[in-house]
Amino acid sequence: MWSAFWQQWRGLDSPGQFRKQYTMLDQKALRQDPETIATALEWRGHVFDAGAYAGLEARRRELQSRTEALQHERNERSRAIGEAKRRGEDIEPLKAQVGELGEALKNAEAELQAVQARLRDIQLGLPNLPHDSVPPGADESDNVEIRRWGEQPAFEFRPRDHVELGERLDGLDFDAGARLSGSRFVVMRGQIARLHRALAQFMLDVHVEAHGYTEAYVPYLVNEGALIGTGQLPKFAEDLFATEHAEQTLHLIPTAEVPLTNLAAGQILEADALPRGYVCHSPCFRSEAGSYGRDTRGMIRQHQFDKVELVQLTRPDDSYAALERLTGHAEAVLQRLELPYRVVTLCAGDMGFAAAKTYDLEVWLPGQDTYREISSCSNTEAFQARRMQARWRNPDTGRPEPLHTLNGSALAVGRCLVAVLENNQQADGRVAVPSVLRPYMGGREWLEPV
RNA sequence: GGAGAGGUGGCAGAGUGGUCGAAUGCGGCGGACUUGAAAUCCGUUGAGCCCAAAGGGCUCCGGGGGUUCGAAUCCCUCCCUCUCCGCCA
């Protein structure tokens, strides 16, 4: 897998360069204070053997010094041969001397490479460090609700869930999805398909026109380099759908965050180019390995779903303010749709691999009588930026430094459709079209049972 | 898919075995000249890593491998781009 990956990653390639690349945590910190890092990682439930790492790191340092000394000697001697040759002297004795050097150098280089590969593997497997403001905890139950918005609708009847509503509206067909592709696929038709499209269009327009994001259209198949950059690989390959094409592996994107964030890969952006924001509507493909039996009913958890994704690139000192803004942009969509929701700060143990801090937006679903995740907004700080070499030129130092990347769903279109159906249902089975969506629905105010 | 050409620093573009991290031009930055600007002239201008106090060293000319004392330069292979033909939305 690795050789193919390196080949695919252009510009981020040489042995000299990959030393610093594809690490998520700061190399210097890892080197200088692995114990502290181990403690911080423990906090989010990851075991890191600091002692073993420090040992490997010491070995690397020794090997690198030795290798570079040998390279230096080779360069010197080769240069001397060149000069002797130009002067017309006999170079055979000189050549014999260097011959022995070659073997030692070859061995040193091979050893160094092996150690570097091991270090890289460890580094790539380490999750991000939680930010100081992240609450401790092991799982979902330790997440902290920080605010609620909107009123949960009071029904004078037993509210139906979206599966039932979708059936009565003749627009959600899970059987057809299963016949075509298998479980966790759905076919939408008619007024529901249109509502789905309206939601995506509406969200795009809000983010472009009101929030200033740049709209993007991206590939839905990406190479392994991109997935390493954002942190899906090497650890979470089983969550992805893979394709083989022309002897290279491409994966279906699990989120537009992957292509969008990787737009900055290998780049050095000028300070005045930040912050930069992208919005993209795309399908997302997830194998949902390990979630057997969970959310099997309805379209809460599908192999394929649409999402409008926000990505921001910021200066490091601005990323936490940007996280608040970005979360607000996602909330704005729910507010305009008049859907009740709450905001939750994920605890250290519940955060995704790349995140330093995450807010989840959970929308009220009457059919389930609970709040369900509809958006996840994260600051990954420099984690992804280091892996993909996304940098900015810091005017204070004049040097290229990793920038910060953020991402958030705004929103998951399928789950949003579910929320609209369930929250806006009437006793007679009709569903009110939120007023902001009516222009996208040909002025239509109601979805009517067929 | 077939035939051909090519991938070099922010861009353009030289370099076909040795002192090349790389000519030259443009762009950028600093300075001179100018009331200011333009023009002109001078200087400067890639990234990463190692040891480190200064300083020294290593790596990178699409990726990987090979030949060689020595590779941007030769060989193999993969990827990408362009032109023509075919096909197609």
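- rC79(B) atom P lies 12 Å from atom CG of Leu250(A), rounded to whole Å.
- In this structure, Arg74(A) reaches the rU59(B) phosphate: one of its side-chain N or O atoms is under 4.0 Å from OP1 or OP2.
- Residue contacts for Leu94(A): at a heavy-atom cut-off of 4.0 Å it reaches no nucleic acid atom on any strand shown.
- Atom pair Arg77(A):CZ and rG18(B):C1' shows a separation of 17 Å (rounding to whole Å applied).
- Of the residues in residues 392-400 of chain A, those lying under 4.0 Å from RNA chain B by heavy-atom distance are Arg393(A), Arg399(A), Pro400(A).
- Put simply, Arg79(A) has no side-chain N or O that comes within less than 4.0 Å of OP1 or OP2 on rC69(B).
- Distance Gln116(A) CD to rC49(B) C1': 9 Å, rounded to the nearest Å.
- Comparing rG10(B) with rG46(B), their C1' atoms are spaced 9 Å from each other, to the whole Å.
- When ring centroids are compared, His404(A) and Tyr320(A) stay outside the 6.0 Å threshold.
- Applying the Watson-Crick and G-U wobble criteria (two distances, each under 3.5 Å), rA37(B) pairs with nothing in any strand.
- In this structure rA14(B) sits in no base pair that meets the Watson-Crick or G-U test at under 3.5 Å.
- rC78(B) and rG4(B) are spaced 15 Å apart, taking the P atom of each and rounding to whole Å.
- Taking a pair to require two hydrogen-bonding distances under 3.5 Å in either a Watson-Crick or a G-U wobble arrangement, rG27(B) pairs with rU45(B).
- Counting non-hydrogen atoms of neighbouring residues, nucleotides and ligands closer than 6.0 angstrom, the CZ atom of Arg399(A) reaches no more than 12 such neighbours.
- Going from the P atom of rU73(B) to that of rG17(B) covers 11 Å, rounded to whole Å.
- Pair assignment for rU67(B) gives none, since no Watson-Crick or G-U wobble pairing has each distance under 3.5 Å.
- Mapping Glu401(A) and Gly82(A) onto RNA chain B by nearest heavy atom places Gly82(A) closer to the 5' end of the strand.
- Base pairing of rC82(B) is made with rG4(B), judged by Watson-Crick or G-U wobble geometry with both donor-acceptor distances under 3.5 Å.
- Spacing of C1' atoms, rG70(B) relative to rC20(B), comes out at 13 Å, to the nearest Å.
- Arg118(A) CZ: 12 or fewer foreign heavy atoms inside a 6.0 Å radius.
- Atom NZ of Lys235(A) has more than 12 heavy atoms from other residues, nucleotides or ligands within 6.0 Å.
- Using atom P as the reference point in both rG63(B) and rU24(B), the two lie 25 Å apart (nearest Å).
- Straight-line distance between the C1' atoms of rC33(B) and rU40(B): roughly 9 Å, to the nearest whole Å.
- Going from the P atom of rA71(B) to that of rG66(B) covers 12 Å, rounded to whole Å.
- Look at rA89(B): it lacks any Watson-Crick or wobble partner with both distances under 3.5 angstrom.
- Every pair tested for salt bridge (Lys or Arg N to Asp or Glu O under 4.0 Å) that includes a residue from residues 194-205 of chain A fails, sequence neighbours excluded, so the list is empty.
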Which side-chain N or O atoms in residues 172-186 of chain A pair as donor and acceptor under 3.5 Å with protein atoms at least two apart or in another chain?
unit_1, atom_1, unit_2, atom_2, d
Asp173(A), OD1, Asp175(A), N, 3.2
Asp173(A), OD1, Ala176(A), N, 2.8
Asp173(A), OD2, Arg189(A), NH2, 2.8
Arg184(A), NH1, Arg294(A), O, 3.4
Arg184(A), NH1, Asp295(A), O, 3.3
Arg184(A), NH1, Arg301(A), O, 3.1
Arg184(A), NH2, Ser291(A), O, 3.0
Arg184(A), NH2, Arg294(A), O, 3.1

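- Between the CG atom of Leu70(A) and the C1' atom of rC69(B) there is a distance of 15 Å, given to the nearest Å.
- Within a 6.0 Å sphere centred on CD of Glu167(A), other residues, nucleotides and ligands contribute 12 heavy atoms or fewer.
- In summary, the side chains of Gln267(A) and Gln389(A) do not present any donor paired with an acceptor at a separation below 3.5 Å, with no hydrogens or angles considered.
- rG48(B) atom C1' lies 14 Å from atom CG of Leu112(A), rounded to whole Å.
- Spacing between rG7(B) and rC75(B) at atom P, rounded to whole Å, works out to 14 Å.
- Residues passing the side chain to side chain donor-acceptor pair (under 3.5 Å) test with Thr255(A), sequence neighbours excluded: Lys307(A).
- Residues His303(A) and Phe241(A) bring their aromatic ring centres within 6.0 Å.
- Nearest-nucleotide positions on RNA chain B place Lys85(A) closer to the 5' end than the other of Ile268(A) and Lys85(A).
- Rounded to whole angstrom, the span from the CD atom of Glu83(A) across to the C1' atom of rC20(B) amounts to 14 Å.
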Please tabulate, one pair per line, each protein N/O and nucleotide N/O from nucleotides 55-57 of chain B that are separated by under 3.5 Å, including the distance.
unit_1, atom_1, unit_2, atom_2, d
rG57(B), O3', His72(A), ND1, 2.7
rG57(B), N2, Glu68(A), OE1, 3.1

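- Remark: Ala390(A) pairs with Ala264(A), Ala385(A), Met388(A), Leu403(A) by the side chain to side chain contact (heavy atoms under 4.5 Å, CB included) rule, at least two apart or across chains.
- No more than 12 heavy atoms of other residues, nucleotides or ligands lie within 6.0 Å of CD in Glu103(A), so this atom counts as exposed by the packing criterion.
- Rounding to whole angstrom units, CZ of residue Arg59(A) and P of rC50(B) are separated by 17 Å.
- Residue Arg61(A) has a polar side-chain atom (N or O) positioned under 4.0 Å from OP1 or OP2 of rC51(B).
- Between the C1' atom of rG48(B) and the CZ atom of Arg31(A) lies a distance of 12 Å, rounded to the nearest Å.
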